Structure formats: C-alpha cells, structure tokens
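Notes follow once the structure below has been shown.
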Amino acid sequence: MRKVISFLLLAGFVFYFATLTGGLIIPDSSADRNSVGLDILSRSAGETGSANAVTSVVVLYRGFDTLGEVTVLFLAALGVSVFMKSTGEKRKKVLDQSFILKTGSRLLFPLMFLFGMYIIAHGHLSPGGGFPGGVIIATGFFVILLTSESVNFNKTLMSVLEGLAGLSFIGLGVVGLLGPGNSFLQNFLPLGEFNTVFSAGIIPLIYAVVGIKVGAELSSVVYAMKESK
Amino acid sequence: MLYLLAFLVVVMLIAGIAVILVKDILSAVILTTVISLVVSIIFLFIASPDVAITEAAIGAALTTVVFVIAIKRTRSKETTDKE
C-alpha cells in the first residue's frame with residue numbers, strides 16, 4: 001500500500017515537472033518567452049533608474065517575491081533559534097587558538113564588514129545587493145565568533161534590528177501603496193541622476209533594509225548553532 | 001574561452017566525484033566548497049555576476065560555515081561518548 005502511494009506521489013511529481021519544464025526540454029519555436037528579458041533590459045533603466053537591471057527586477061518588478069524570500073529566511077532563522085536553544089551557560093573552550101589566527105580574524109572582521117556594506121550600498125549600480133552583502137557580514141561575524149574566547153554578541157539588538165528592518169520593508173511598500181502610484185512597492189522617490197549612489201528611488205533603501213535583515217538573521221543563526229548545547 | 005569553461009567543468013566533475021570517495025567528512029565539505037567556487041567562476045564567465053556573487057557568498061562561505069559547525073559539534077559529542 002505504502003509503495004503504491006509513494007509511486008503515485010512520485011509519478012505526480014514527475015508529471016508536474018514534465019509539464020512545468022516542457023517548453024525547456026522540447027524547444028518550442030515561439031520567441032515570446034525570451035522577449036520578456038529583452039523588454040526589461042530596454043525599459044528598466046528608464047523606468048527604475050537602476051543601472052543594474054537584475055536589481056531592478058529583484059526589487060521592483062518582482063519586489064513582492066523578494067518580500068516572500070525574506071519571510072522564508074526569517075522563518076528558517078526562527079526555526080534554528082527554537083531548535084538550538086541557547087543554554088545561557090558559557091561552553092568551556094576546548095581549543096586554544098593561536099595568536100596569529102586571533103589577530104588575523106580581528107583584522108579581517110572590519111574589512112569583511114566594510115565589503116558587505118559596500119555590496120549592499122552599491123546593489124543598484126554593480127553586481128550584488130542585500131542578500132549577498134548580508135551573507136558576507138554574517139560570515140565576518142562567524143570569523144570573529146570562531147576565534148575569540150568571549151564575544152559580546154547582543155542577541156536582543158540583533159532581534160530588534162531584524163524586526164525593524166522587516167517592518168521598514170513592508171512600510172516602504174505600504175507608502176508606495178498609499179502614494180500616487182497606488183501599488184505595493186511603488187517607486188515613490190525621485191529617480192535622481194542615473195548611475196550615482198543616490199539614485200533609483202527606493203531601491204537602495206530596500207536593499208539596505210534587506211541587507212540589515214539578512215545579516216542580523218544569519219549572524220543569529222550562526223551564533224545559535226555555535227553556542228547551543 | 002570555451003577551453004577555460006571546459007577545464008572548469010572538468011575540475012568541478014573531479015571535485016564532485018572526490019566528494020563521494022574521500023573518507024574524511026571535513027575534506028568532503030571543503031570539496032563541495034570547491035565546486036561552489038568553480039560554479040561561481042563559471043557564472044562570472046557566462047556574464048551573470050549577480051548570481052556569481054550570491055553563489056560565492058552563500059554556496060562557498062555560509063554553507064561551509066554551517067557544515068563545519070555541525071561537524072565540530074557532532075565530533076565533540078562522539079569523543080565524549082567514547083571516553
């Protein structure tokens with residue numbers, strides 16, 4: 001019985017993916033599907049003011065999707081925090097790190113933090129954006145967590161930052177909804193001069209918020225994994 | 001250009017097969033990192049730097065971090081059980 005059910009489930013998935021990717025495996029002659037990309041490439045610079053077309057898609061054309069991604073990440077971080085509950089007591093150090101490792105990590109952390117900030121702030125001009133920048137910041141946190149004996153990691157501050165960042169994302173979207181454009185995540189700020197840091201309306205703001213959220217979340221995840229019992 | 005891409009793909013394949021063959025778990029994790037890094041270089045060459053940055057940050061850095069922490073934790077548990 002169980003075999004039959006699992007076979008049926010498997011067949012269902014195969015059928016689903018076959019219909020989903022049908023056009024990809026068996027190439028159909030219609031060029032309509034590719035015209036979307038060309039259309040966005042030709043229009044995004046004028047409409048959104050963002051020099052990076054990928055960013056304009058991620059933040060504005062598919063902004064709601066990005067909100068969903070951030071929510072998924074939030075739920076994952078919440079799950080890890082609940083699952084790996086911190087015991088509160090300091091774990092005794094087993095390994096004694098060498099002087100070079102400690103000093104090197106202390107030297108590396110500000111540089112990694114700065115690079116993550118750069119990636120976030122220039123998301124609309126050069127490759128990168130909120131997600132990779134936040135991950136780079138979290139990796140910097142991990143480097144310092146791995147090597148120093150006692151880190152003053154303020155978990156409350158991280159939670160507050162995370163919540164505020166998430167709220168500001170939704171708030172920015174709602175402001176666009178109330179404004180003249182009348183749609184969620186409408187670009188309500190002036191576009192500014194093309195290809196400068198202060199341009200592209202709300203894109204840098206949203207990416208800054210996403211970067212803060214991702215960085216705080218993943219740092220908390222790494223901290224919870226390391227310090228839990 | 002094409003030869004470079006072919007070389008990178010071969011490196012990726014070798015690393016992928018080596019992941020299965022090595023005995024040490026930590027070496028396997030490092031080899032998956034090698035795969036991620038090579039994939040991100042390939043993304044860069046096929047003109048998608050955004051995906052390359054994301055792959056390098058998440059696939060190569062953060063996934064390795066999570067795996068290394070998990071291995072470290074399970075190993076310490078194993079050794080204390082043995083004693």
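Computed from a prediction, not measured in an experiment: that's the story for all the values here. First the proteins, then the strands, lettered A, B, ... as listed; each starts at 1.
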Do other residues, nucleotides or ligands put more than 12 heavy atoms under 6.0 Å from A:Y61 OH? yes
With chain B as the partner, which of A:V221, A:V58, A:V135, A:I119 has the greatest number of non-hydrogen pairs under 4.5 Å? A:V135
Segment of B:V68 engaging chain A (4.5 angstrom heavy-atom cut-off): neither
Got more than 12 heavy atoms from elsewhere within 6.0 Å of CD1, A:I100? no
Does A:P127 offer a backbone N or O that forms a donor-acceptor pair with the side chain of B:D50 under 3.5 Å? no
Atom pair CD1 (B:I58) and OG1 (A:T139), whose distance is rounded to the nearest 0.5 Å: 9.0 Å
Considering all heavy atoms of both residues, which atom of B:T54 and which atom of A:P132 are nearest to each other, and what is their separation? OG1-CG, 3.6 Å
Just wondering, more than 12 heavy atoms not from B:L5 lying within 6.0 Å of its CG? yes
Side-chain heavy atoms of B:I69 within contact of A:F142, under 4.5 Å: yes
Provide the closest heavy-atom pair for B:A57 versus A:I136 in the form atom of the first, atom of the second, distance. CB-CG1, 4.2 Å
Would you find more than 12 non-hydrogen atoms of other residues, nucleotides or ligands less than 6.0 Å from B:F43 atom CZ? yes
